[in-house]
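Because the structure is a prediction, the values reported are computed rather than measured. Naming convention: chains lettered A, B, ... in sequence-line order (proteins, then strands); numbering from 1 in each chain.
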Number of protein chains: 2
Amino acid sequence: MKVSREQVAENRRMILDAAGRLFRERGFEAVTVAEIMQAAGLTHGGFYGYFTSKDDLIAQALAEALANSSIRADDLAGYAASYLSPGHRDDRACGCATAALAADTIRQKDSARSVMTQALEQQIERLSRIAPGRTAAQKRNAAVVNWSTMVGALILARASDDPVLSDEILADTRAWLAAQSEVQGKVRAPRKAREKTAGAR
Amino acid sequence: MKVSREQVAENRRMILDAAGRLFRERGFEAVTVAEIMQAAGLTHGGFYGYFTSKDDLIAQALAEALANSSIRADDLAGYAASYLSPGHRDDRACGCATAALAADTIRQKDSARSVMTQALEQQIERLSRIAPGRTAAQKRNAAVVNWSTMVGALILARASDDPVLSDEILADTRAWLAAQSEVQGKVRAPRKAREKTAGAR
DNA sequence: TGTACATCAGTGAACGCGCGTTCACTGATGTAC
DNA sequence: TGTACATCAGTGAACGCGCGTTCACTGATGTAC
């Protein structure tokens, strides 16, 4: 049964969304094409009308998931507080696609790897704007390290079976990044203002 | 054909070694039982004489791979220099099992997850001994953050398609950890001694 | 020490299963008049 | 605006394939005498 052009666009969005969520939750390999199509409300046969292969979908769904990060903040401490929250740790399906899929992407085709690399570069640029440091080079250096720290901490917090250890990893890393933000970034800001910013979600 | 008891022990070691290497290189799911047995010089049929299932092997091979980290150093800067070297980045099969498999392990059975959690706790304790800080709590906090940073940086450096960006991530994070080690950890050590230690492999 | 035989590690064919992908078919859409 | 029909998105059975796992068999090991 043919379907309207709007419905086609809507279906395409549904497939990419479902794939993005399932991939982040269970990895590229463990999720099947049939499962994604079912989650999108379709049957598996129609898949190849939208994508040329599963690898094609992986690259496109990854790009979509990496672009739609829900984490937003104007300062490093606020960003870290949100990124390293228990809520983000526990919601892999809708959380950071880098933390969920960077390790998986290393073993994927070039199409997916290049998408991940572009997103990584963009994220470093974005973090450079709120990173501590006087020169542009210092800010970028700090952004690289801060991003590594956040992604690493989220992966390790998720990897830990033990909720106490997992919470410790998140809390320690949050505190560290907040301190970074304080000491190096905003030496001139008044104390009250700083505390407000750092405490905000 | 029956085989001597020593040969059985040797074969077991070969299977665990091959599995550890292949898993680190390509992930748990992409590697097949037959492939592992072939890499160990055996045929796939014999597998279930050694392990009850692939999941059983995953847990045991992960424990083995996590225990046999080749990275050793007496100070943080030296450890970071080794851990964040291009050589370690490029040799996934023999490198850090945490960086290679932590994200994969999140989606594995409890047996593997508990192995990873134990290794994580041990590594934090180990790093606490060489971490900067005055109190034990400060040292442990720093160890948690430093480990998150190293694992995150290695994963991101591997994820990057672009060798320039990849090298930048390694170099920036190495420099950062060396600075951490300098500023907070060894304020009392004579300058010459510090430089020697930090430069060592 | 030498011999006879029970044990059991390793082999490879075979199992059921689910994967990614293909394809003939269906029927609503959207265009031509 | 209404009607006729070509288009093509979606369906579900079917494809070949490779997976994890099983099992009857083989023949070297290692024990009992």
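- When both pairing distances are held under 3.5 Å, D:dG18 makes a Watson-Crick or G-U pair with C:dC17.
- In this structure, CZ in B:Arg12 is found 4.5 Å from CD in B:Gln60, a value given to the nearest 0.5 Å.
- Using the Watson-Crick or G-U wobble rule with both distances under 3.5 Å, C:dG30 pairs with D:dC5.
- For A:Lys2, taking side-chain heavy atoms from C-beta onward, the closest of the listed nucleotides D:dG30, C:dG27, C:dG20 is C:dG27.
- In this view, B:Asp167 and B:Arg89 satisfy the salt bridge (charged side-chain N to carboxylate O under 4.0 Å, His left out) rule, not counting sequence neighbours.
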For this session: Take A:Asp104 and A:Gln108, measure what side chain to side chain donor-acceptor pair (under 3.5 Å) needs, and give me the verdict at the end.
Result: CA-CA 7 Å; A:Asp104 249 45; A:Gln108 289 297 317; 5.1 Å; no

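- Taking atom OH on A:Tyr50 and atom P on C:dT21, their separation rounds to 17 Å, with Å as the unit.
- In summary, B:Glu29 and B:Arg107 do not engage in a salt bridge, as defined by a charged side-chain N under 4.0 Å from a carboxylate O.
- The nearest pair of heavy atoms linking A:Lys54 to A:Phe23 is CE-CE2, 4.5 Å.
- Between A:Met37 atom CE and C:dC19 atom C1' there is a gap of 16 Å when expressed in whole angstrom units.
- The shortest heavy-atom contact between A:Ser160 and A:Ser166 is OG-N, 3.7 Å.
- Taking only side-chain atoms of A:His44, from C-beta outward, the nucleotide of C:dT22, D:dT22, D:dT11 with the closest atom is C:dT22.
- For the pair A:Met1 CE and D:dA6 P, the computed distance is 22 Å after rounding to whole Å.
- As rounded to whole Å, 11 Å separates atom C1' of C:dG20 from atom CD1 of A:Ile58.
- For the pair B:Leu42 CG and C:dT11 C1', the interatomic distance rounds to 10 Å; values are reported in whole Å.
- Contacts with DNA chain C (heavy atom under 4.0 Å) in residues 3-36 of chain B: B:Val3, B:Val8, B:Asn11, listed by number.
- One can place CD of A:Gln38 at 14 Å from C1' of C:dG18, the figure rounded to the nearest angstrom.
- Look at C:dA24: its Watson-Crick or wobble partner, with both distances under 3.5 angstrom, is D:dT11.
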